[in-house]
Amino acid sequence: MSAQLDQVTAQTANDPDAQETKEWLEALEAVLENEGPERAHYLMERMVDLARRRGALIPFSANTAYVNTIPAHVGAHCPGNLEYEERLRSWMRWNAMAMVVKANRADGDLGGHLSSFASLANMLGIGFNHFWRAPSEEHGGDLLYLQGHSSPGIYARAFLEGRLTEEQLLNFRREVDGKGLSSYPHPKLMPDFWQFPTVSMGLGPLMAIYQARFLKYLHARGIANTDGRKVWAFCGDGEMDEPESMGAIGMAAREQLDNLVIVVNCNLQRLDGPVRGNGKIIQELEADFRGAGWNVVKVIWGPGWDELLAKDKDGILQRVMMETVDGEYQNYKAKDGAYVRKHFFGKHPKLLEMVANMSDDDIWRLTRGGHDPHKIYAAFKVAQEAQGRPTVLLVKTVKGFGMGKSGEARNTAHQTKKLDDEAIREMRDRFNIPIPDDKLAEIPFFKPSDDAPEIKYLHERRKALGGYLPQRRMKADETLVVPPLEAFKAVLEPTAEGREISTTQSFVRIITALLRDQSLGQRIVPILVDESRTFGMEGLFRQIGIFNQQGQLYEPVDKDQVMYYREDKAGQILQEGINEAGGMSSWIAAATSYSTNNRVMIPFFTYYSMFGMQRIGDLAWAAGDMRARGFMMGGTAGRTTLNGEGLQHEDGHSHLFAAAIPNCVPYDPTFGHELAVIIHDGLRRMVTEQEDVFYYITIMNENYAHPGLKAGQEEGILKGMYLLQEGSKDAKQRVQLIGSGTILRESIFAAELLEKDWGIAADIWSAPSLTLVAREGQDAERWNLVNPTKEQRVPYVTGLLQNTQGPIVATTDYMRLFAEQIRPYMPKGRSYKVLGTDGFGRSDSRAKLREFFEVNRYYITVAALRSLADEGKIDLAVVEQAVAKYGLNPNKPNPVTQ
């Protein structure tokens with residue numbers, strides 16, 4: 001016997017006063033029997049507290065024994081027809097397998113996953129048959145974040161329900177022709193089916209937490225009745241290593257999200273091998289969640305273990321269970337009963353004696369808790385009825401359950417997508433699938449007739465729960481009225497003489513006007529990440545309050561101020577603290593509320609631009625997949641507008657990230673009137689038209705005068721570029737200057753220098769969205785490619801510039817690639833030069849930063865002159881004179897390399 005196993009009996013052997021220990025334990029047993037576990041818990045807590053106050057150093061542990069949290073005699077039994085449910089699960093397992101294997105026999109590169117659903121099938125069956133409600137008049141419906149790799153099993157269920165056809169199953173992962181099924185949960189690709197995307201891994205649990213909180217927010221504000229609704233998130237134990245998976249569990253407990261259930265499928269394996277070969281992932285996660293304040297329910301052992309645990313009077317079995325590491329448990333399920341007898345029960349003579357009357361097959365049939373419907377039902381019921389805090393279910397399963405030697409409990413299970421004929425035969429036999437031998441090679445799908453009792457039962461269970469899941473609402477039933485553009489009059493008109501404001505201030509004026517609007521005001525959701533004062537938005541604290549389910553239990557230190565910090569049970573602001581991922585998750589919940597809650601909400605997530613797209617880019621992509629609708633406001637944007645902060649604060653690339661998301665509509669406006677036109681159009685598209693787009697708008701904190709909206713500019717603003725200012729008609733030479741954001745103003749100043757110092761006229765083009773200009777150009781280019789004999793389209797920007805004169809210079813506060821997007825659509829034969837802010841940021845004044853990155857008025861002027869010289873319009877000596885005149889250092893290092 002190993003030294004580790006010798007410790008099994010050492011505790012009682014080394015007890016200095018066994019009789020006293022026995023008396024204490026008997027007293028505790030009496031309390032448990034006569035007064036219940038609550039009283040026993042209270043007494044133990046009092047004793048521990050007394051010992052600590054007397055100076056005893058009693059170590060803390062957030063772990064309980066490695067057994068089921070719900071005792072066998074306490075847990076509720078599943079009330080369903082288990083015979084039917086088992087057959088239905090078996091058919092779903094078969095059809096999921098057939099779908100993936102057939103796809104990969106036809107095309108070996110399509111991929112797919114079998115093992116995740118194989119381990120989850122019991123849990124999903126119990127949930128779909130007994131717990132998860134669909135949206136109805138009486139109930140808003142439960143929200144399901146389903147483990148992404150289990151999608152074949154979800155499709156297999158929908159096939160039996162008649163919601164998917166055999167043709168669709170045959171086209172698993174073949175979507176291009178419009179007949180297939182997406183690889184994972186993708187609402188963008190299956191808009192009436194999947195509720196949420198859960199791949200990339202880690203995003204599901206994070207988004208689920210903030211979704212649950214948003215349901216509380218809607219209820220507290222009287223916008224929707226969300227009582228009784230639950231958010232269920234399924235994830236794998238390996239997925240919990242993603243920082244996003246665990247990063248917000250403290251918030252969930254703090255906010256008392258008892259409408260949230262996270263189910264961790266603990267099959268002990270990730271793609272490459274064990275999750276914790278030398279440890280115990282269930283115990284690790286228990287400590288994390290319990291320490292954070294969650295209700296933790298462990299479902300580890302199936303019913304066959306209950307009798308053995310009842311015989312375990314000395315606690316030897318429980319000790320061996322605890323000491324056995326996950327790598328060993330994985331090995332047991334990959335072998336057979338004889339191996340388990342020798343290597344698990346053989347760790348102690350009394351354990352071997354305990355199973356002496358059991359055959360090897362009996363031992364092999366000792367299942368894990370995640371494969372027993374009664375254990376799962378009992379755990380789900382506890383989670384469903386939880387009050388006051390969120391619940392996590394840690395459910396132990398076997399990866400690839402039912403896949404036999406081809407993958408069950410093996411390191412290769414996650415990637416297994418091709419089964420040989422023998423493995424298919426074994427699976428057919430194990431799950432009693434009624435397919436004859438002569439048909440096995442075809443791997444046919446199995447679906448009984450609609451009047452089969454099992455199929456009737458399947459439909460009856462979903463009818464009792466309000467309908468089928470997953471399902472997704474594509475448009476809200478309600479209609480909200482968007483105010484006219486004139487509602488933003490405060491920023492549409494020129495700023496008063498001598499008055500300067502920033503686009504951030506313009507945004508605050510716009511959102512203030514929206515909050516006062518009769519139709520939209522209550523649906524605006526300002527989301528902030530501890531930067532309200534940076535953006536001048538602290539006035540909203542008192543005006544509409546910060547949402548907090550407890551209200552405000554203290555008097556704020558600035559109560560004597562006009563704009564004091566006010567928390568309120570019905571507050572409208574979601575203040576997420578220093579937490580961009582949480583802010584984005586709240587924004588996603590609000591931006592998809594039209595679908596999840598049948599309530600149109602208009603979220604404005606305002607954050608430091610640099611800490612947005614690059615930090616939460618995966619969530620932004622998920623938002624696109626989810627068909628989110630709302631506004632992301634990148635504050636203090638641009639690499640030179642935020643002076644003094646430095647490298648990690650200055651954004652010169654967020655618009656490149658935004659450009660990568662097809663249904664993201666990005667803008668970089670310079671003036672308040674542009675911002676108003678853009679937001680108003682966004683409201684029209686997302687609220688009135690219910691179009692599945694979202695807006696990314698950058699705003700700056702640099703103050704300057706704004707010219708106001710001129711008639712006819714609206715269309716050009718929305719298309720992404722328009723003529724802001726014409727140069728002198730009399731000049732012999734002419735250039736075209738394009739700019740966006742604050743750097744457009746440098747182009748305006750450059751135009752003045754060109755005219756005053758060199759007699760050259762410059763037309764100024766404001767480009768609020770170079771990305772939209774580029775997308776339109778790409779669309780025209782594609783049309784021309786595939787329609788060569790039809791009338792050829794002229795890209796929008798080509799049409800704007802083709803009748804102008806002179807070289808074109810584009811300058812932005814972003815990397816050169818941002819403006820390079822439109823190079824292919826410049827008029828033929830025209831010079832196009834781009835200036836941008838490539839390189840790391842610096843701390844300094846705006847003027848010095850623009851000099852450092854070579855995007856100030858002087859560099860723009862020299863770039864225009866050089867372009868004219870390259871075209872032979874002026875002599876190169878003029879360019880050299882300009883370099884000297886403006887003090888540009890020819891030997892200055894390239895900012896990209898600094």
Side-chain angles (χ1 to χ4, degrees), residues 243 247 501-508 526-538 575-584 587 604-620 631-659 666-670 675 696-704 739-746 811-819 835-856 893-898:
I501 65 170
S502 64
T503 49
T504 299
Q505 289 171 284
S506 299
F507 167 63
V508 173
I527 301 171
L528 301 160
V529 281
D530 205 42
E531 290 290 355
S532 311
R533 300 181 194 280
T534 302
F535 306 128
M537 300 180 72
E538 67 270 28
Q575 167 61 272
E576 305 300 356
I578 306 172
N579 182 2
E580 284 79 12
M584 186 62 184
W587 181 87
F604 286 86
F605 176 29
T606 310
Y607 56 88
Y608 251 138
S609 174
M610 183 69 168
F611 306 143
M613 283 292 183
Q614 69 175 22
R615 177 169 283 185
I616 48 87
D618 205 2
L619 284 164
F631 297 92
M632 296 172 62
M633 309 300 297
T636 60
R639 191 149 279 161
T640 70
T641 186
L642 182 61
N643 55 329
E645 290 286 357
L647 185 149
Q648 283 289 78
H649 285 66
E650 292 169 349
D651 162 35
H653 46 273
S654 68
H655 271 285
L656 297 178
F657 286 96
Y667 285 98
D668 183 40
T670 305
L675 184 62
Y696 174 60
I697 306 174
T698 41
I699 49 179
M700 284 69 68
N701 63 342
E702 184 174 351
N703 294 324
Y704 43 81
S740 69
T742 57
I743 298 301
L744 172 61
R745 297 180 65 249
E746 293 295 326
T811 313
T812 74
D813 216 4
Y814 299 89
M815 296 172 65
R816 287 177 174 85
L817 281 174
F818 181 46
L835 303 182
T837 54
D838 297 71
F840 283 121
R842 292 288 192 280
S843 297
D844 216 309
S845 66
R846 293 189 182 106
K848 292 299 292 182
L849 289 172
R850 287 164 188 169
E851 176 188 350
F852 174 80
F853 284 109
E854 302 172 2
V855 292
N856 65 9
N894 186 338
V896 177
T897 62
Q898 296 306 294

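Numbers for residues simply follow the sequence, beginning at 1.
Counting all heavy atoms, side chain and backbone alike, F535 lies closest to T606 at CD1-CG2, 3.6 Å. In terms of heavy atoms, T837 sits closest to T640 at CG2-CG2, 4.1 Å. Smallest separation of non-hydrogen atoms from Y814 and A637: OH-CB, 3.4 Å. The heavy-atom pair separating M613 from A658 by the smallest distance is CE-CB, 3.9 Å. For the residue pair N703 and S502, the shortest heavy atom distance occurs at OD1-N, 3.1 Å. In plain terms, the two heavy atoms of Q648 and M610 that are nearest each other are O-CG, 3.2 Å.
Interatomic distance, D651 CG to H653 NE2, rounded to the nearest 0.5 Å: 5.5 Å. For the atom pair L642 CG and T636 OG1, the distance stands at 5.0 Å (nearest 0.5 Å). The line from CZ of F853 to CG of D813 is 8.5 Å long, rounded to the nearest 0.5 Å. Rounding to the nearest 0.5 Å places CZ of F657 at 10.0 Å from CD1 of I616. Expressed to the nearest 0.5 Å, how far CD1 of I578 lies from CG of D530 amounts to 4.5 Å. Distance NZ/K848 to OG/S843: 14.0 Å, rounded to 0.5 Å.
By the 4.5 Å heavy-atom criterion applied to side chains, F840 and R842 are counted as neighbours. Looking at E702 and R745, their side chains come closer than 4.5 Å, going by heavy atoms from C-beta outward. Taking the side chain as every heavy atom from C-beta outward, M632 and M584 approach each other to under 4.5 Å. Residues T534 and N701 are not in side-chain contact: their nearest non-hydrogen atoms beyond the backbone lie 4.5 Å or more apart. Using a 4.5 Å heavy-atom threshold, the side chains of L656 and M815 count as touching. Residues F604 and P526 form no side-chain contact, since every pair of their non-hydrogen atoms from C-beta on lies 4.5 Å or further apart. P666 is not listed as a side-chain neighbour of I697, based on a closest heavy-atom distance of 4.5 Å or more. Using a 4.5 Å heavy-atom threshold, the side chains of T742 and T641 count as touching.
In this structure, the salt bridge (charged side-chain N to carboxylate O under 4.0 Å, His left out) partners of R816, at least two apart in sequence or on a different chain, are D838. In terms of the ring pair (Phe, Tyr, Trp, His ring centres under 6.0 Å) criterion, residue partners of Y696 (sequence neighbours excluded) are, by chain and number, H655. Every residue two or more places apart in sequence or in another chain that forms a ring pair (Phe, Tyr, Trp, His ring centres under 6.0 Å) with Y704 is listed here: H706. Residues passing the salt bridge (charged side-chain N to carboxylate O under 4.0 Å, His left out) test with E854 are K892, sequence neighbours excluded. Applying the salt bridge (charged side-chain N to carboxylate O under 4.0 Å, His left out) rule to E746 yields the partners R850, R857; only residues at least two apart in sequence or on another chain are considered.
Between the side chains of N643 and S845, no donor N or O sits under 3.5 Å from an acceptor N or O. Looking only at atom types and distance, the side chain of T698 has a donor-acceptor partner in the side chain of D668 under 3.5 Å away. Side-chain N/O atoms of N894 and T897 include no donor and acceptor closer than 3.5 Å.
Within the structure, salt bridge (charged side-chain N to carboxylate O under 4.0 Å, His left out) pairs that include any residue of residues 631-650 do not occur (at least two apart or interchain).
Under a 3.5 Å cut-off, the side chain of S532 and the backbone N or O of L528 do not form any donor-acceptor pair. A donor-acceptor pair is defined here as one N or O able to donate and one able to accept, closer than 3.5 Å; such a pair exists between the side chain of T670 and the backbone of G741. Within the 3.5 Å criterion, the main-chain N or O of G577 finds a donor-acceptor partner in the side chain of Q575. Side chain of W587 to backbone of G582: no donor-acceptor contact under 3.5 angstrom is found. Listed for the D844 side chain is no donor-acceptor partner under 3.5 Å among the backbone atoms of L849. Counting only distance, with no hydrogens or angles, the side chain of T504 and the backbone of M700 share a donor-acceptor pair below 3.5 Å.
Remark: aromatic rings of H649 and Y608 are close, center separation under 6.0 Å.
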For this session: Using the side-chain contact (heavy atoms from CB on, under 4.5 Å) rule, take T812 and I743 through it: C-alpha gap first, then chi angles, then the decisive distance, then the call.
Result: CA-CA 6 Å; T812 74; I743 298 301; 5.5 Å; no
